[in-house]
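Note sheet for the following structure.
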Amino acid sequence: ISFTITMDAVAKGGGGWQKVEELLKEMTQRGLQPDLATYNTLMDAYGRADKVDEMYEAFEALERRGILPNKSTFAILVDAFVKYSVKKTQEDQSDQILDTDLAVQFVKDLTKGEGGKHLPFAYNRLLQALARSGQWEHAEKLLARMVAAGVRPTAVSFNTLLGLYGKAGQWERAAEGLEYMTELDLLPDEVTFNCVIDAMAKGGQWERAEGYLRQMIEADLQPTVVTLTSLIDAFSKGGQWKRAEETLNKMGEFGVIPNAISFTITMDAMAKGLQWEKAELLLEEMLQRGLQPNAITYNTLMNAYGRCGKVDKARGVLARMRDSGVKPNSVTYTSLIDACVKDGQIQLAGSTLREMVSAGFKPDPSWYTLLFDAGIRARQGKNTTIGNKNGDRM
């Protein structure tokens with residue numbers, strides 16, 4: 001056991017596969033036989049070094065010894081395979097991040113014989129590995145191949161794909177995915193609905209997001225802070241500030257405590273609804289609850305002030321950030337510049353731009369041209385608006 005623990009520490013600590021091999025050799029010289037944990041550690045070391053052939057040879061050696069692999073074995077093998085494949089395609093400058101046929105064959109080869117019972121897990125692990133690469137198209141193809149091979153997907157399979165759809169803003173596919181899931185008589189869980197509601201939010205489909213929350217409750221599933229915050233995000237993107245506010249206030253009815261993200265996204269809804277006073281109150285409530293605002297929170301409040309022509313208050317946010325130990329970022333300065341220009345305070349916008357440069361941030365070159373044009377238009381008595389080009393991502 002001590003040898004295996006040392007090998008694991010070396011593998012995870014970046015000590016190199018050669019050192020792990022040396023420890024294995026010393027282990028066998030002392031008459032100690034490697035077990036499953038030993039082989040898993042060896043394969044992990046090979047996988048971390050992109051030694052795919054050596055990793056597979058270790059797996060075959062495990063099988064020859066009659067040692068049955070477990071889920072950890074397949075997790076190590078699949079993760080290393082995807083990592084290596086992604087790296088290889090990047091080196092080859094290929095548009096195809098992963099050969100689905102090759103991936104399926106790899107999984108089949110691994111799970112032949114006694115390993116067949118782990119086939120659904122291996123497919124799910126492959127889906128999850130693809131998810132880390134953000135490749136929803138490949139994950140979609142893989143799920144289809146999984147079904148075609150007679151392997152029944154699980155809720156984990158669909159949740160992984162639905163989560164990818166959400167991140168990619170593919171809300172229609174997320175809706176279809178949930179429908180397909182129910183056709184296969186798979187029961188959606190809390191994670192399923194969270195993924196679908198998030199997809200609706202990113203697609204600006206607040207009414208659909210609201211409908212999925214009702215479905216979730218009807219299925220006796222408990223909404224979480226993730227669920228309700230995603231719903232608030234949907235309302236924010238749909239210009240529904242009253243619904244966003246109502247959802248935040250009703251979180252307690254579900255036994256859910258809002259977090260800093262919940263408040264920040266609700267503030268964003270207030271900013272878009274020109275409700276700067278409400279955004280201001282939300283920040284105070286955050287602080288009263290002991291929640292720590294970050295740069296995104298303060299930038300959101302600044303945006304709320306800027307949209308309503310409250311330049312002095314917007315500048316006050318910058319000072320408040322510094323007093324609170326929160327570092328302003330490039331979005332902070334561009335939001336403030338935007339507020340100044342919208343209010344016709346071109347000189348103040350220029351000085352803020354210089355301050356931004358002094359702080360080590362590089363503004364988009366177009367800002368200089370836009371400020372110059374704004375100055376000319378201001379002198380001509382015209383109102384100019386510069387859109388916030390670097391709005392915070394929620």
Side-chain angles (χ1 to χ4, degrees), residues 163 166-167 190-191 193-195 197-198 200-202 206 209-210 213 216 221-308 310 312-336 339 359 388 390-394:
K167 289 176 183 176
E190 288 89 348
V191 176
F193 279 104
N194 286 348
C195 291
I197 291 172
D198 180 59
M200 297 305 119
K202 288 185 170 61
W206 66 266
E210 201 171 40
L213 176 65
M216 184 178 186
L221 296 173
Q222 178 65 37
T224 65
V225 66
V226 173
T227 316
L228 298 175
T229 300
S230 293
L231 181 60
I232 292 171
D233 190 28
F235 289 142
S236 175
K237 288 181 169 61
Q240 301 294 317
W241 67 265
K242 290 182 180 179
R243 282 184 165 85
E245 181 181 47
E246 183 181 358
T247 303
L248 182 73
N249 293 336
K250 283 188 174 181
M251 277 192 173
E253 296 179 14
F254 293 101
V256 173
I257 299 173
N259 57 24
I261 299 173
S262 311
F263 275 96
T264 300
I265 293 178
T266 308
M267 288 171 64
D268 183 59
M270 299 304 117
K272 290 171 180 171
L274 305 181
Q275 303 295 315
W276 65 267
E277 298 98 330
K278 288 183 178 291
E280 198 172 59
L281 289 172
L282 285 168
L283 177 62
E284 299 310 318
E285 186 178 347
M286 268 186 78
L287 295 169
Q288 288 170 9
R289 288 174 178 253
L291 298 173
Q292 183 60 47
N294 59 16
I296 295 177
T297 311
Y298 283 114
N299 292 345
T300 302
L301 179 60
M302 184 179 286
N303 186 36
Y305 287 143
R307 284 171 177 258
C308 298
K310 303 293 179 181
D312 289 342
K313 283 184 172 289
R315 285 197 64 80
V317 173
L318 182 60
R320 188 169 183 175
M321 288 176 76
R322 289 167 174 160
D323 292 342
S324 302
V326 178
K327 272 188 89 171
N329 55 29
S330 61
V331 176
T332 309
Y333 288 105
T334 53
S335 295
L336 186 53
N388 186 348
N390 299 288
D392 286 321
R393 294 175 66 89
M394 291 295 170

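All heavy atoms count here, side chains included; hydrogens, waters and symmetry mates do not. Along the sequence shown, residues are numbered consecutively beginning with 1.
- Atoms NZ and NZ, on Lys313 and Lys310 in that order, are 7.5 Å from each other to the nearest 0.5 Å.
- Nearest heavy-atom pair across Trp206 and Gly238 is CD1-CA, 3.8 Å.
- Of all heavy-atom pairs between Ala271 and Arg307, the closest is O-CD, 3.0 Å.
- Contact between Asn329 and Ala295 at its shortest, heavy atoms only, is ND2-CB, 3.7 Å.
- Here OG1 of Thr334 is found 9.0 Å from CE of Met302. Values are rounded to the nearest 0.5 Å.
- At a threshold of 4.5 Å between non-hydrogen side-chain atoms, the residues Glu280 and Tyr305 count as touching.
- Formation of a donor-acceptor pair under 3.5 Å by the Gln222 side chain with backbone atoms of Phe254 is found in this model.
- At a threshold of 4.0 Å, the pair Arg289-Glu285 counts as salt-bridged, since one of the basic side-chain nitrogens sits closer than that to a carboxylate oxygen.
- Annotation: salt bridge (Lys or Arg N to Asp or Glu O under 4.0 Å) contacts of Glu277 (sequence neighbours excluded): none.
- For the residue pair Pro293 and Tyr298, the shortest heavy atom distance occurs at CB-CE1, 3.7 Å.
- Residue Ile257 qualifies as open at atom CD1: its count of foreign heavy atoms under 6.0 Å is 12 or below.
- One distance of note links CE of Met270 with CG of Asn303; it measures 13.0 Å at 0.5 Å rounding.
- With a 4.5 Å cut-off on side-chain heavy atoms, Phe235 and Thr266 do not count as touching.
- Nearest approach of Tyr333 to Ala359, heavy atoms of both residues: OH-CB, 3.6 Å.
- Judged by distance alone, with hydrogens and angles left aside, the side-chain atoms of Ser236 form no donor-acceptor pair with the main-chain N or O of Ile232 at under 3.5 Å.
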- Task: Tell me, with the steps shown, if Thr224 and Thr227 meet side-chain hydrogen bond (donor to acceptor under 3.5 Å, both in side chains).
- Result: CA-CA 5 Å; Thr224 65; Thr227 316; 3.1 Å; yes
- Item | side-chain contact (heavy atoms from CB on, under 4.5 Å) assessment of Leu213 paired with Leu228 | CA-CA 8 Å; Leu213 176 65; Leu228 298 175; 4.1 Å; yes
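- Shortest non-hydrogen contact noted between Thr297 and Met286 is CG2-SD, 3.7 Å.
- Taking CG of Leu283 as the reference point, atom CG of Leu301 lies at 6.0 Å (rounded to 0.5 Å).
- If you run side chain to side chain contact (heavy atoms under 4.5 Å, CB included) between Met267 and each of Leu282, Ile296, Asn299, only Leu282 comes through.
- Taking CG of Asn294 as the reference point, atom NZ of Lys327 lies at 14.5 Å (rounded to 0.5 Å).
- In this structure, Asp233 CG and Thr264 OG1 are separated by 11.5 Å, a value rounded to the nearest 0.5 Å.
- In this view, Asn259 and Ser262 satisfy the side chain to side chain donor-acceptor pair (under 3.5 Å) rule, not counting sequence neighbours.
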